Every structure is written in C-alpha cells, then in structure tokens.
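Here is the structure we will look at.
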Amino acid sequence: MKWQEVRKIFPNQFVKFEILHSEEKDCQEIIDDVAVIGPIRDEEATEELLNSKGKTLVYHTSKDQVIVKIRKNVGLIKANSI
C-alpha cells in the first residue's frame, strides 16, 4: 500500500507497518510502499518503535513521506597494549 493511501485510511495517528519498497538517496531511506500492521495509540508508539526489528516501523501519518535517516556504522579499532 502506498503511504498516501495509509494517510487517508489512518489520518493523524501512528501506524505500525512493514517496509515493502524503499529507495536510498543522500543518506536517507525514502519508503513508499508498506504493509500496514495496524494503528498504534499515541501512548504506545515509542515502545512499539523501540521494539520494532528488521523492516518494521512506526510512523505518524501527519508526515507527507516516510523518510528515515541512514546512519553508517563507524568502526573503532582498539589498539592492543604491548
């Protein structure tokens, strides 16, 4: 389902969904196709997001687009003591 459709069906609320299609651009993942799991109450949204794994997200339908900033892992090398 396209994000614009989700916004019409679930206006002004948090929705939990699985990402079906997205594109990366300028260190951002732009998500345009999702499988809705269901609406989430405001007071449960943070916990649901923190417990989400893989391609599952919680996002508010007041947003025109679903855009997630991509963070690259920075590896640190620990020097061995001699």
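Remember, predicted model here, so these are calculated numbers, not experimental data.
- Sequence neighbours left out, the pairs with a member in residues 35-50 that pass salt bridge (charged side-chain N to carboxylate O under 4.0 Å, His left out) are Lys16-Glu48, Arg41-Glu43, Arg41-Glu44.
- Applying the ring-ring contact (aromatic ring centres under 6.0 Å, His included) criterion to Phe10, with sequence neighbours excluded, gives no partner residue.
- Here the closest heavy-atom approach between residue Asn12 and residue His60 is recorded as OD1-CE1, 3.1 Å.
- Taken together through direct or relayed side-chain contacts under 4.5 Å among Ile, Leu, Val, Met, Phe, Trp and Tyr, Ile37 and Val34 form parts of separate hydrophobic clusters.
- With side-chain heavy atoms closer than 4.5 Å counting as contact, directly or through intermediates, the hydrophobic cluster containing Ile30 also holds Ile67.
- Sorted by first and then second residue, the salt bridge (charged side-chain N to carboxylate O under 4.0 Å, His left out) pairs involving residues 57-69 (not counting sequence neighbours) are Arg7-Asp64.
- Shown here are the side chain to side chain contact (heavy atoms under 4.5 Å, CB included) partners of Ile70, two or more places apart in sequence or in another chain: Glu24, Glu29, Lys72.
- Side chains of Leu57 and Ile31 form a contact here, defined as non-hydrogen atoms less than 4.5 Å apart.
- Val66 and Leu20 are assigned to two separate hydrophobic clusters, defined by single-linkage of ILVMFWY side chains at heavy-atom distances under 4.5 Å.
- Sorted by first and then second residue, the ring-ring contact (aromatic ring centres under 6.0 Å, His included) pairs with a member in residues 17-38 read Trp3-Phe17; sequence neighbours excluded.
- Interatomic distance, OG1 of Thr61 versus CD of Glu5, reported as 13.5 Å (0.5 Å rounding).
- Taking CD1 of Ile40 as the reference point, atom OG of Ser52 lies at 8.0 Å (rounded to 0.5 Å).
- Of the possible polar contacts, none joining the Thr56 side chain to the Glu18 backbone as a donor-acceptor pair under 3.5 Å is found.
- For Gln65, the side-chain hydrogen bond (donor to acceptor under 3.5 Å, both in side chains) criterion is met by no residue, not counting sequence neighbours.
- Under the side-chain hydrogen bond (donor to acceptor under 3.5 Å, both in side chains) criterion, Asp33 pairs with no residue, sequence neighbours left out.
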